[in-house]
Amino acid sequence: MSKDKSAKIATPQAVRGTQDMLGDFADRFAHVVETFERVRRLYGYKRIEVPVIEPTAVFARSLGETTDVVSKEMYSFDDRGGESITLRPEFTAGIARAYITNGWQQYAPLKVATHGPLFRYERPQKGRYRQFHQLDAEVLGSDSPLADAELLVFADQLLKELGIAEGVTLTLNTLGDAASRDAWRAALVEHFMGHRADLSEDSLARLDKNPLRILDSKDPKDRRIADSAPDIDAFLTGEAQDFFGAVTAGLDAAGVAWERNARLVRGLDYYRHTAFEFVTDRLGAQGTVLGGGRYDGLIEALGGPPTAAVGWAAGIERLAMLVEEPVEYRPALVVVADDLSSENFAVQISSLFRRSGIAVEQIVAGSVKKRYQRARGFRADWIIKTDMPPSAPPGVVCARLAFGRDDQDTTLTAEALDAIIRQNFEVDLSDGLVPHATVLLTRKIGN
RNA sequence: GCGACCAUAGCUCAGUUGGUUAGAGCGCCGGUUUGUGGUACCGGAGGUCGCGGGUUCGAGCCCCGUUGGUCGCCCCA
C-alpha cells in the first residue's frame with residue numbers, strides 16, 4: 001500500500017470475456033472435467049490433445065465462410081512468417097484436421113475425447129465468454145447410427161453423474177442426408193418467402209444467410225410463421241428415415257429419455273442427420289449445455305478421405321454453474337507450530353504424513369497468536385501442534401494431538417492416524433488415540 | 001454490432017429532498033481474554049466515491065462524455 005499517489009500505475013485488467021477462477025467455482029470446474037475424464041473411459045474414448053491454434057483455413061473451410069463464427073467471431077492473426085493463424089473457436093475442425101494429417105483413418109472407427117479452452121470474439125454475458133472451455137467427444141469413421149446413440153448415452157450418463165440431469169432435457173432432430181436437407185431447405189425458403197412481409201428484420205437477414213435458423217427464432221413475430229413451416233419429415237429419404245429410427249431405437253434400448261424437436265437446427269454448415277442439444281432453462285439466455293450432431297461431409301471437405309463422423313461438445317462453465325454441491329476442500333490433518341522453536345519439527349511431521357498419503361496443511365508462518373485460529377478454519381479431521389512443553393527435557397520438541405474428530409465425515413480414521421503415528425513416533429499415551437486426547441509424540445530416533 | 005442496468009475500503013454493500021472530518025460487516029495488523037468444534041472484547045491501518053468535464057455557495061448524490069462490469073438481442077457450448 002503505497003501512500004505516494006503519484007507513483008500509482010494503471011492496474012492491468014483481464015481481457016474482456018476472460019475469467020479468473022478461485023475456490024468454489026474453480027472446484028466446480030475441476031469437478032466437471034474430472035467427471036468427464038472418468039466417464040469417457042467407461043465408454044472407451046481415447047484421450048487426445050490438439051493444438052489451440054490452427055491455420056485459419058481449417059476453420060474457415062469447415063465451418064462455412066458465411067457463419068457468424070468465421071465472419072466475425074474468430075481470433076485470427078498473422079504470425080511472424082505471415083501465415084494466418086486462428087485461436088480455435090471449436091474443437092471439431094481441428095480434430096478433423098488432425099485425423100487427416102496423422103492418417104488416423106488407420107484406427108477407424110476412432111473414439112476420442114478432449115477438453116480445453118476455445119475462443120470467440122463475442123459480447124460476454126451469463127454463461128458466455130470470449131475464452132470459454134468445452135468438453136468434447138467425437139467418433140470418427142463410423143456411419144453407424146449406434147455410434148450416435150452411444151455418444152448420446154455417454155452424454156446422458158455424464159450429466160447424471162454430475163447430478164444435473166434434473167431440469168436438463170435431451171432434444172433431438174434429424175437434418176437428413178444431403179439430399180433431404182437440400183429439399184427441405186428449398187421448401188423452407190419458399191415458405192418463408194411467402195411470408196417475408198411479416199418476418200422480423202433478423203429473420204429477413206437469415207432468409208438468405210441461413211434460412212434454417214428462422215425455425216428457432218425467439219421473436220414472437222416469427223413464431224407463427226416458423227411453426228407453420230414444413231417439418232423435414234416429409235423430405236426425408238428412406239435411408240435418412242431409417243437412420244434416425246435406428247438412433248432413437250438405440251436411445252430407447254439404453255433407457256435414455258429424449259424429446260423430438262423438429263425445430264432444432266445446428267448453426268454450423270457441416271451437420272447432417274442427427275442433431276441434438278441438452279437444454280435447460282436455468283442458465284438465463286443460454287439454454288444449451290451440450291450440443292452436437294453428425295458431420296459426415298466435413299473431413300472430405302477438408303481434403304481428407306470420405307469419413308462419416310459424429311460428435312458433441314459441452315460448455316464446462318455452463319455445466320459448472322449447474323453443479324449444486326461444490327466439493328469442499330478439507331485437509332485430513334493440520335500441523336501447527338505453536339512456537340518458533342518447533343517450526344522445523346512441524347515441517348518434518350507434515351512431510352512425513354504427506355508421504356503416507358495424508359493431505360496436510362502446515363501452519364508454520366505468520367503471527368503465532370493467529371495460527372491456531374487459522375488451523376481450525378480448515379475444519380480438518382485432526383490438528384497436531386508441535387511445541388516444547390516446559391516438562392520436556394531440554395532440546396526435545398514434542399507434538400500433541402490437539403484436536404480430533406472421528407465420525408462418518410472423517411477421511412482419516414483414528415486407527416489409520418494411530419498406525420502412522422506409532423510407526424514413526426514413540427508415543428506416550430495410556431488410553432490410546434482418541435479425539436480430544438492430548439498425547440505426547442516424540443520423534444523416533446533414526447527416522 | 002445494438003439495447004438496458006450498474007460502478008463508494010482488499011471483498012460484500014449502506015449512504016436521507018445535494019449540506020461539516022464518507023460508514024458497516026467480513027478480511028488484514030496490534031492488544032487483552034480463552035489453550036480448542038469458525039472465541040469474546042478493545043484498538044489500528046486502509047477511500048482524489050471508476051475517470052474527465054459541467055451545473056451549484058456546496059456534488060458520492062443532478063447533467064454530459066468516457067472506460068469498465070453485468071444482463072439481454074444477434075449468435076452460440
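Naming: A, B, ... by sequence-line order, numbering from 1 per chain. Only heavy atoms go into these numbers, but all of them, side chains included; no hydrogens, no water, no symmetry mates. Please read these numbers as outputs of a predicted model, since none were measured by experiment.
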Legend entry - A:Arg47/A:Glu37 salt bridge by N-O under 4.0 Å criterion: yes
Inset, instruction - Measure the spacing between NE2 of A:His191 and CD1 of A:Ile225 and express it to the nearest 0.5 Å. - result: 7.0 Å
Inset, instruction - Could you tell me the separation between the CG atom of A:Leu22 and the P atom of B:G10, rounded to a whole number of Å? - result: 18 Å
Legend entry - Pairwise C1' distance, B:A9 and B:C29 [rounded to whole Å]: 15 Å
Legend entry - Crowding at CG, A:Asp227 (>12 non-hydrogen neighbours, <6.0 Å): yes
Inset, instruction - Provide the distance between the two C1' atoms, one in B:C11 and one in B:G27, to the nearest whole Å. - result: 7 Å
Legend entry - P-based separation of B:G10 from B:C63 [nearest Å]: 27 Å
Legend entry - Nucleotide pairing, RNA chain B (Watson-Crick or G-U, distances under 3.5 Å), in dot-bracket with [ ] and |: (((((((..((((.....[...)))).(((((.......))))).....(((((..]....))))))))))))....
Inset, instruction - Among A:Asp177, A:Thr174, A:Thr274, A:Asp148, find the one that has a side-chain hydrogen bond (donor to acceptor under 3.5 Å, both in side chains) with A:Arg294. - result: A:Asp148
Legend entry - Cationic tip of A:Arg266 above A:Tyr271 ring, under 6.0 Å, 45° of axis: yes
Inset, instruction - Answer yes if the side chains of A:Glu259 and A:Thr169 hold a donor-acceptor pair under 3.5 Å, and no otherwise. - result: no
Inset, instruction - Quote, to the nearest angstrom, the C1' distance that separates B:C61 from B:C6. - result: 15 Å
Legend entry - Interatomic distance at P, B:C73 relative to B:U16, whole Å: 34 Å
Inset, instruction - Please determine, by modelled atom types, if A:Arg354 and A:Ser351 share a side-chain donor-acceptor pair under 3.5 angstrom. - result: no
Legend entry - Rounded distance in Å between the C1' positions of B:U70 and B:U32: 45 Å
Inset, instruction - Assess whether salt bridge (Lys or Arg N to Asp or Glu O under 4.0 Å) is satisfied between A:Glu122 and A:Lys72, documenting all intermediate values. - result: CA-CA 9 Å; A:Glu122 293 184 281; A:Lys72 53 185 197 194; over 6 Å; no
Inset, instruction - Evaluate whether atom CZ of A:Arg224 has more than 12 neighbouring non-hydrogen atoms of other residues, nucleotides or ligands under 6.0 angstrom away. - result: no
Inset, instruction - Between B:G50 and B:C57, how far apart are the C1' atoms? Round to whole Å, please. - result: 28 Å
Legend entry - Anti/syn call for B:G35, syn if |chi| within 90°: syn
Inset, instruction - Can you tell me, in whole Å, how much space there is between the C1' of B:G30 and that of B:G46? - result: 15 Å
Legend entry - Protein-to-nucleotide contact annotation, 5' to 3' order, nucleotides 70-77 of chain B [B base; S sugar-phosphate only; - none; under 4.0 Å, heavy atom]: BSBBBBBB
